[in-house]
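The structure appears below as C-alpha cells.
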Amino acid sequence: MENPQVAQIFEEVADLLEIQSENPFRIRAYRRAAQVVSDLGERVADIVHDPDRRLDDYPGIGKDLAGKIREIVDTGELSLRSELAAKVPPGLRALLSLPGLGPKRASTLYKNLGIASLDELRKAAESHRIKALKGFGEKTEQAIIKSLQQLKQTGKRILWSEAKVYAEALTNHLRGASGVGQLEVAGSYRRRKETVGDLDIVVACKSTSQVMDRLASFEEVAEVLAHGGTRMTVRLKTGLQVDLRVVPDVSFGAALQYFTGSKAHSIHIRRRAQDRGLKVNEYGVFRGSRRIAGKTEVEVYRAIGLPWIPPELREDRGEVELAEAPQLPDLVRPEDIKGDLHVHTTDTDGRASLEDMVLAAKRRGYSYVAITDHSRRVTMARGLDARLLRQQWKRIDRLAKRNPGITILKGVELDILEDGSLDLPDSVLQEADWVVASIHYGQNQSPERITRRLLNAIENPHVAAIGHPTGRLIGKRPGYQFDLQAVFTAAAETGCLMEINAQPVRLDLDEVAIAEAKKKGVQFVVSTDAHSVEELGFMEFGINQARRAGLEKLDIVNTRPLQAFRKLLRGARPAKRSGSMAKVTV
DNA sequence: GCCGTTTTCGGCCCGACTGTTTTCAGTCG
C-alpha cells in the first residue's frame with residue numbers, strides 16, 4: 001500500500017461525505033489527512049509498522065485517522081469508504097470534476113433526476129430537464145453542456161515550463177495597459193510547482209476596466225468566463241485558464257500573498273493572524289477595521305511576526321515554523337550553478353555536436369561541463385561501447401586544449417542493466433572523470449529488484465551520481481517504485497549523489513523525496529540532461545525543484561568549484577565494503 | 001475529525017462571482 005493510494009481513499013471519503021452534506025470540518029479533516037500522507041516523504045506503511053513511531057504525532061492526524069490509516073495499510077481497504085460508497089452511486093463522484101458542479105448540486109441532480117454519471121448528465125442537459133430544477137436555470141444547463149464538451153481539454157495541468165511561456169507573454173501584454181503598477185503571476189506558477197493548472201495574475205492598477213480590457217484583447221484569449229468588478233477569468237485557446245485580480249496599490253502585497261497560496265499555507269497564515277487578534281484577507285492585514293499592512297508581502301508577513309517566506313516553500317510543510325525559528329533556508333539560486341554534469345551530444349542521441357555543447361556551456365559562464373553520452377545498452381541512442389567512448393574522450397582532450405576557459409569532464413551516462421550489473425567494466429569507468437548511472441530498461445521490475453539495482457550502482461566507487469532517480473515522466477509515466485529510504489541511506493553513506501534532473505517532464509526526484517534525502521545526509525547535483533544547446537537552459541527548472549525542497553547552495557555540488565568535489569571525480573570516493581550487496585547481481 | 005497554558009467543548013480562513021433569487025446559496029480559489 002503506497003501513500004498515494006491512502007491519500008486517494010481519504011479524498012474519496014471527503015467527496016462522499018460532501019455529497020451527503022456531512023460536517024464540513026470533518027470533510028476538511030479527511031482532505032488534510034490526504035495531504036499529510038502525500039507529503040510524508042516515506043511510506044506511511046513503514047510508520048504504521050514501526051512500534052517506535054506514532055502516526056498521530058503528525059499534525060492533522062488524530063487517534064481516529066491514525067486508526068483508519070492502519071486499517072487501510074493492513075487490509076487495503078477502509079470500511080468507512082465502502083459504507084459511504086454503498087450509499088452513493090459509483091458515477092456520481094465524477095460529476096464533481098465539472099467546473100461549477102459541487103457536492104450540493106450533484107446530489108440535487110441525483111435526488112431529483114436520478115443522474116449518477118457524466119453520460120446521464122449530458123442526456124439530461126440535452127433534453128433540457130436540468131433547467132427545470134429549482135436552483136438551476138438555462139445558463140447552468142448550457143454551462144454543463146459546454147464543460148462536458150471541454151472536459152477532455154480542461155482540468156489538465158501543464159508543465160511549469162509551458163506555463164512560463166504564457167505567463168511571460170501575458171505579463172508583457174498587460175503591462176501595455178495604462179495605469180498598471182505592480183504586476184505579478186501568483187498561484188502555483190509563482191510557487192514553481194512542477195505543473196500549473198491555471199495562471200493567477202495580480203495587478204495593482206487604478207483603472208480596473210483598462211487592465212481588464214487589455215486582458216480581453218490578448219490574442220490567445222478564446223473566451224471570457226467571468227467578468228466582475230475586481231476579478232476576471234478568461235480561457236485561452238489552449239484551454240489554459242487565466243484569472244486576473246485587480247487590487248489597489250495599498251493591497252498589492254496582501255493580494256499577492258493570498259493568491260500565491262498554497263491554500264494550506266494561506267489557512268495557516270490566517271489562523272496565525274487570528275491568534276494575534278488580526279485578520280488577513282486579500283486587501284491587507286487588519287486590526288479591527290484598521291489596515292496595518294498590505295502594500296508588500298514583507299509587510300504582511302512582518303505584521304504577523306514572520307520574515308518573508310519564499311513562495312517555493314509555501315505548502316504548509318513546516319515553513320511557517322522554520323520562519324518563526326527563524327531558520328528558513330537560504331535557497332539555492334540559478335546564478336550559483338558553476339557547471340552542468342549531464343550533457344549529451346550527437347555521438348549518441350544529442351542534437352548538437354560535442355564542440356557546440358562545450359562552447360554553449362562556456363557561453364553560459366560555466367567553469368566545467370561533463371559530457372555524459374549513453375553507454376552501449378541504449379541501442380536506440382547508439383550508446384557507446386568502451387572503444388567508442390575512449391575515442392570520444394580523445395576528442396575531448398583535443399577540444400580541451402583549444403578551450404582553456406572551461407574544464408571538460410570525460411563522462412558517461414552508464415546504464416544500470418536489468419540484472420543489476422553495470423553496462424561498462426570498472427576498467428573503463430576508472431578512466432572516466434564523471435559517471436552518472438541511470439536506469440532505462442526493466443522499469444517494470446519489482447520494487448525489490450529495482451532497489452537492488454540502484455544499490456549496486458551506488459556502491460560502485462566510480463559512480464558519482466544516480467541519474468533521473470525515479471524515471472518518471474510527468475503526466476505520462478509514474479516512475480519506477482523502489483525503497484527510497486534504503487537508496488538514500490546508501491547514497492548518504494557512500495557519498496554517491498542524487499541527481500535532480502532538470503528536464504521539465506522529468507524533474508525527479510520530486511521535492512518531498514529531495515527533502516527526505518537531504519534529511520538523511522544526501523548531497524545533490526542539478527543537471528539538465530541536455531540533448532541540445534537550448535536544453536542547457538533547463539537548469540532553471542531543476543533549480544525550481546531544488547528550491548521547493550528547501551535546498552541551499554551547499555547541498556548541491558555543482559554550485560562549487562570542481563576541486564571541492566574532486567573525490568567524486570575518477571571514482572576516488574571510498575567504496576562501501578560492508579554490504580554483501582556490492583557483488584550480488586539480481 | 002482535529003485541537004488546546006485562556007478551552008476536553010466549541011471552535012475550525014475568507015471573499016468574489018454567478019445564477020438564481022428578490023436576499024442568497026453554491027462554487028471556487
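Naming convention: chains lettered A, B, ... in sequence-line order (proteins, then strands); numbering from 1 in each chain. Just so you know, these numbers use all the heavy atoms, side chains as well, and skip hydrogens, waters and symmetry mates.
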Next item on the list: Go along nucleotides 24-29 of chain B 5' to 3' and tag each nucleotide: B for a protein heavy atom under 4.0 Å from its base, S when only backbone or sugar atoms are that close, - otherwise.
Entry: --SSSB
Note to self: Using side chain to side chain contact (heavy atoms under 4.5 Å, CB included), reason through A/Ser266 and A/Arg314 one step at a time and then give a plain yes or no.
What the structure shows: CA-CA 8 Å; A/Ser266 290; A/Arg314 299 183 194 172; over 6 Å; no
Next item on the list: For B/dT7, decide between syn and anti, treating a glycosidic angle within 90° of 0 as syn.
Entry: syn
Item checked: Salt bridge A/Arg31-A/Glu12, side-chain N to carboxylate O under 4.0 Å -> no
Checklist line | Closest-nucleotide 5' rank along DNA chain B - winner of A/Ala226 and A/Leu278 | finding: A/Leu278
Notebook entry, point to check: Does A/Arg270 count as lying over the ring of A/Tyr258, i.e. NZ or CZ under 6.0 Å from the six-ring centre, within 45 degrees of the axis?
Noted result: yes
Item checked: 5'-most by nearest nucleotide on DNA chain B - A/Glu141 or A/Thr230 -> A/Thr230
Next item on the list: Using the C1' atom on both, measure B/dG26 against B/dT20 and round to a whole Å.
Entry: 10 Å
Next item on the list: For A/Thr233, report the nucleic acid contact type (base, sugar-phosphate, nothing); a contact means any heavy atom under 4.0 Å.
Entry: nothing
Next item on the list: Taking atom C1' in both B/dT21 and B/dA25, compute the distance separating them and give it to the nearest angstrom.
Entry: 9 Å
Next item on the list: Describe the nucleic acid contact of A/His227 in one word from base, sugar-phosphate, nothing, applying a heavy-atom distance below 4.0 Å.
Entry: sugar-phosphate
Margin query: Could you check whether any side-chain N or O of A/Asn172 sits under 3.5 Å from a backbone N or O of A/Glu168, counting only pairs where one atom can act as donor and the other as acceptor?
Written below: yes
Check: What's the shortest heavy-atom distance between A/Leu215 and A/Met232, and which atoms?
Finding: CD2-SD, 4.0 Å
Next item on the list: Sequence neighbours left out, what pairs pass side-chain hydrogen bond (donor to acceptor under 3.5 Å, both in side chains) with at least one residue falling in residues 316-329 of chain A?
Entry: A/Asp39-A/Arg317, A/His265-A/Glu319, A/His268-A/Asp316, A/Arg272-A/Glu324, A/Arg317-A/Glu511
Notebook entry, point to check: Would you call A/Asp56 and A/Arg54 a salt bridge, using N to O less than 4.0 angstrom?
Noted result: yes
Margin query: Using atom C1' in both nucleotides, what's the gap between B/dC2 and B/dC13 to the nearest angstrom?
Written below: 16 Å
Margin query: If I take atom CD in residue A/Gln142 and atom P in nucleotide B/dT20, what distance separates them, rounded to the nearest angstrom?
Written below: 11 Å
Note to self: Check whether A/Phe259 forms a cation-pi arrangement with A/Arg245 (NZ or CZ under 6.0 Å from the six-membered ring centre, at most 45° off the ring normal).
What the structure shows: no
Margin query: Whether A/Thr140 contacts B/dT20 is assessed here as follows: a side-chain N or O lying under 4.0 Å from the phosphate OP1 or OP2. Is that the case?
Written below: yes
Margin query: Salt bridge or not between A/Asp119 and A/Lys123? Use side-chain N to carboxylate O under 4.0 Å.
Written below: yes
Check: Given atom CZ of A/Arg28 and atom P of B/dC13, what is their separation to the nearest angstrom?
Finding: 4 Å
Check: Which residue pairs pass the side-chain hydrogen bond (donor to acceptor under 3.5 Å, both in side chains) test with at least one member in residues 158-167 of chain A, sequence neighbours excluded?
Finding: A/Lys164-A/Glu540
Next item on the list: Using a 4.0 Å heavy-atom cut-off, write out nucleotides 1-11 of chain B from 5' to 3' as B (base contacted by protein), S (sugar-phosphate only) or - (no contact).
Entry: BSS--------
Next item on the list: May I ask you to check whether A/Arg129 and A/Ser127 show a side-chain donor-acceptor distance below 3.5 Å?
Entry: yes
Notebook entry, point to check: On a whole-Å scale, what distance lies between the C1' atoms belonging to B/dC12 and B/dT7?
Noted result: 13 Å
Next item on the list: Give A/Gly261 one of three labels, base, sugar-phosphate or nothing, depending on what nucleic acid heavy atoms sit under 4.0 Å from its own.
Entry: nothing
Would you tabulate the side-chain donor-acceptor contacts of residues 44-51 of chain A under 3.5 Å, counting partners in other chains and residues two or more places apart, or write 'none'?
residue	atom	partner	partner atom	Å
A/Asp46	OD1	A/Arg43	NH1	3.1
A/His49	ND1	A/Ala45	O	3.0
A/Asp50	OD1	A/Asp52	N	2.9

Notebook entry, point to check: Which value, in whole Å, describes the distance between the C1' atoms of nucleotides B/dG11 and B/dT6?
Noted result: 14 Å
Item checked: Proximity to the side chain of A/Arg271 - top-ranked nucleotide from B/dC17, B/dG15, B/dC12 -> B/dC12
Next item on the list: Look at the side-chain N and O atoms of A/Asn281 and state whether any lies under 4.0 Å from the OP1 or OP2 oxygen of B/dG15.
Entry: yes
Notebook entry, point to check: For the pair made of CG in A/Asp275 and P in B/dC12, what is the distance, rounded to whole Å?
Noted result: 11 Å
Next item on the list: Check whether any side-chain nitrogen or oxygen of A/Lys279 sits under 4.0 Å from OP1 or OP2 of B/dG15, and answer yes or no.
Entry: yes
Dump the pairs, protein N or O against N or O of nucleotides 21-23 of chain B, anything under 3.5 Å, distances to one decimal.
none

